[in-house]
Asks: 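Pasting a structure here, questions to come.
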Amino acid sequence: MPELPEVEAVKRVVEPQIRGRRIQRVTAHNPKVIARPGAEEFCRLVQGQTFSTVDRRGKFLTLHLESGDRLVLHLRMTGNLLPTPGGHPQEKHTHLVFTLDDGSELRYIDLRRFGRFWLLRAGEEDRFTGIDRLGPEPFDPAFDAAYLAEQLARRKKAVKECLLDQSIVAGIGNIYADESLFAARICPTRPANTLTPEEVARLARQIPAILQAAIQGKETSPEEYLASGGRNYRGSSFFQVYGHGGEPCPACGAPLCRTVIGGRGSVYCPCCQPPLTKGR
């Protein structure tokens, strides 16, 4: 599933290509990707409007229109936005197409079809998407050691499960929870309320650092993005532990362990990230 760095990569490559472009037509090949309102009304209300800016909040994208209306998108597992020139071959699983005034198109492609769009009218309160329930961004000054300590102190569940809780911190998923915990040298199975102040402070530093490094590592040009069908921003070449279960730890060489936490596959180093021992 795209997480904060992947969604930010999409935002940065898409926004300059659609900003100021007028939507001449909207074609819904699969109406189910439109959560609100119905597909016919969605297409009618969006047609003729002009894209202004694109924002990211957690794993959500908001495509703002000059009228004040906004399109909120969650890519879920396999969704992606692809700006294309006119006449570009259409990718399989293209579910929604915005035809723009310069002849280009903005296409929504989704193999699994779990992603969703919501149209919110100007000034309308968002009671539909779930954005209002998100915790602070990892780069927000409000996300610091004191905040994280307060959130974790009352939770007995595994610290990794807490990092996946979007009401605690927005944008982290399975990949960057593993990577952040490895960088902070904290075992993902540790009960959250057993972390020491030093460990919490270390984790609060590593989370934004890991995410920022991932954002920089996923920078791509419009040409590269188009050539890959909007998929090459998901590269994993710099992951230290995620997806490397059984391989040597990049820090100490011990075999990386794979386990399941909260129904999610997790990888960690048993030496660099030792589990909680009795008496600690």
Side-chain angles (χ1 to χ4, degrees), residues 1-30 32-34 43 46 49-65 71-117 171-176 179 210-240 242-244:
M1 178 182 289
E3 300 180 26
L4 186 155
E6 289 78 24
V7 179
E8 181 68 21
V10 173
K11 170 193 174 297
R12 293 186 181 190
V13 76
V14 168
E15 182 181 39
Q17 299 185 72
I18 66 170
R19 187 190 303 122
R21 297 262 65 96
R22 184 174 178 272
I23 303 165
Q24 290 191 326
R25 184 173 64 257
V26 185
T27 305
H29 296 301
N30 178 12
K32 291 183 179 179
V33 303
I34 300 172
C43 295
V46 172
Q49 299 216 47
T50 301
F51 285 118
S52 55
T53 60
V54 180
D55 287 336
R56 180 198 54 75
R57 178 76 170 96
K59 303 176 189 178
F60 290 86
L61 286 173
T62 300
L63 287 68
H64 294 273
L65 304 172
L71 307 179
V72 179
L73 168 64
H74 198 301
L75 298 171
R76 302 284 169 84
M77 293 183 69
T78 57
N80 67 290
L81 282 176
L82 184 66
T84 70
H88 188 79
Q90 192 168 106
E91 292 263 336
K92 192 176 181 181
H93 307 296
T94 297
H95 303 303
L96 195 63
V97 178
F98 300 86
T99 302
L100 308 181
D101 57 359
D102 63 348
S104 67
E105 295 180 344
L106 177 65
R107 301 173 182 173
Y108 177 68
I109 304 162
D110 192 346
L111 172 64
R112 300 290 293 274
R113 296 178 292 179
F114 292 154
R116 291 293 182 269
F117 278 87
I172 299 177
N174 204 37
I175 296 171
Y176 298 103
E179 293 294 309
I210 289 293
L211 293 171
Q212 186 59 50
I215 289 171
Q216 293 173 352
K218 292 179 181 295
E219 290 181 353
T220 184
S221 70
E223 295 77 18
E224 292 170 333
Y225 188 77
L226 177 62
S228 74
R231 290 183 292 268
N232 72 347
Y233 69 92
R234 301 188 186 192
S236 59
S237 60
F238 57 88
F239 295 159
Q240 296 290 292
Y242 178 80
H244 294 291

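Everything numeric here is computed off the predicted structure, so don't read it as measured data.
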Asks: Can you list the steps and then say if Val14 with Leu106 is a side-chain contact (heavy atoms from CB on, under 4.5 Å)?
Replies: CA-CA 9 Å; Val14 168; Leu106 177 65; 4.1 Å; yes
Asks: Does any non-hydrogen side-chain atom of Tyr108 lie less than 4.5 Å from one of Val33?
Replies: yes
Asks: Using a distance-only test with no angle check, is there a side-chain donor-acceptor pair under 3.5 angstrom linking Gln17 and Tyr225?
Replies: no
Asks: Just say parallel, tilted or perpendicular for the rings of His93 and His95, cut-offs at 30° and 60°.
Replies: tilted
Asks: Can you tell me how far CG of Leu63 sits from CG of Asp55, rounded to the nearest 0.5 angstrom?
Replies: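 So the gap between those two atoms works out to 9.5 Å.
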Asks: If you compare all heavy atoms of Gly79 against all heavy atoms of Pro2, which two are closest, and at what distance to 0.1 Å?
Replies: O-CG, 4.4 Å
Asks: Could you state the interatomic distance from CD1 (Ile210) to OH (Tyr176), rounded to the nearest 0.5 Å?
Replies: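 Answer rounded to 0.5 Å: 9.5 Å.
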Asks: Taking C-beta and beyond as the side chain, do Leu81 and Leu73 meet within less than 4.5 Å on heavy atoms?
Replies: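 They are in contact (side-chain heavy atoms under 4.5 Å apart), so the answer is yes.
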Asks: Decide, yes or no, whether a salt bridge links Asp102 with Arg21 under the criterion of side-chain N to carboxylate O below 4.0 Å.
Replies: yes
Asks: Taking Arg76 for the side chain and Phe114 for the main chain, is one N or O donor matched with an acceptor at less than 3.5 Å?
Replies: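 At least one qualifying donor-acceptor pair exists.
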Asks: To the nearest 0.5 Å, what is the distance between CD on Glu105 and CG on Leu100?
Replies: 8.0 Å
Asks: Are Ser221 and Glu224 packed together at the side-chain level, in the sense that at least one heavy-atom pair is separated by less than 4.5 angstrom?
Replies: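 They are in side-chain contact.
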Asks: Heavy atoms only: give me the nearest Pro85-Leu226 pair and the separation to one decimal.
Replies: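 The pair with the smallest heavy-atom distance is CD-CD2, 3.7 Å.
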Asks: Please determine whether the number of non-hydrogen atoms from other residues, nucleotides or ligands lying under 6.0 Å from atom CZ of Arg19 exceeds 12.
Replies: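 It does: Arg19 CZ has more than 12 such atoms within range.
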Asks: Which heavy atom of Ala28 sits nearest a heavy atom of Ile34, and at what distance?
Replies: CB-CD1, 4.2 Å
Asks: For His64, does its backbone N or O pair with a side-chain atom of Ser52 as donor and acceptor, under 3.5 Å?
Replies: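 Yes, because the side chain of Ser52 sits within donor-acceptor range (under 3.5 Å) of the backbone of His64.
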Asks: Could you state the interatomic distance from CZ (Phe98) to CG (Leu71), rounded to the nearest 0.5 Å?
Replies: 5.5 Å
Asks: For Gln49 and Val46, indicate whether the former's side chain and the latter's backbone hold a donor-acceptor pair under 3.5 Å.
Replies: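 Looks like no, no N/O pair under 3.5 Å.
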Asks: Starting at OG of Ser104, measure out to CD1 of Ile18 and round the result to the nearest 0.5 Å.
Replies: 9.5 Å
Asks: Can you tell if the side chain of Thr62 reaches within under 4.5 Å of the side chain of Arg57, non-hydrogen atoms only?
Replies: no
Asks: A side-chain contact here means heavy atoms from C-beta on lying under 4.5 Å apart; do Leu211 and Ile172 qualify?
Replies: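 Leu211 reaches Ile172 side chain to side chain.
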Asks: Distance-only, no hydrogens or angles: does the His244 side chain make a donor-acceptor pair with backbone N or O of Phe239 under 3.5 Å?
Replies: yes
Asks: Considering residues at least two apart in sequence or located in another chain, which fulfil the side-chain contact (heavy atoms from CB on, under 4.5 Å) criterion with Gln240?
Replies: Glu179, Phe182, Pro250
Asks: Check whether any side-chain heavy atom of His88 sits under 4.5 Å from a side-chain heavy atom of Arg107, and report yes or no.
Replies: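 In short, these two side chains touch, coming nearer than 4.5 Å.
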Asks: So, the side chain of Asn80 versus the backbone of Gly229: is there a donor-acceptor pair under 3.5 Å, distance only?
Replies: yes
Asks: Atom OG1 in Thr78, atom CG in Leu111: separation rounded to 0.5 Å?
Replies: 5.0 Å
Asks: Given side chains that start at C-beta, do those of Thr50 and Leu65 come closer than 4.5 Å, heavy atoms only?
Replies: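 Side-chain contact under 4.5 Å: no.
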Asks: Ring-plane angle category for His74 and Phe60, please: parallel below 30°, perpendicular beyond 60°, tilted otherwise.
Replies: perpendicular
Asks: Any donor-acceptor pair under 3.5 Å linking the side chain of Glu6 with the backbone of Glu3?
Replies: yes
Asks: Might you point out which heavy atoms bring Val54 and Glu15 nearest each other, and give the distance in Å?
Replies: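 Shortest heavy-atom contact: N-OE2, 2.9 Å.
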Asks: With a 4.5 Å limit on heavy-atom distance, are the side chains of Leu96 and His29 in contact?
Replies: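 A side-chain contact is absent here, since even the closest heavy-atom pair is not under 4.5 Å.
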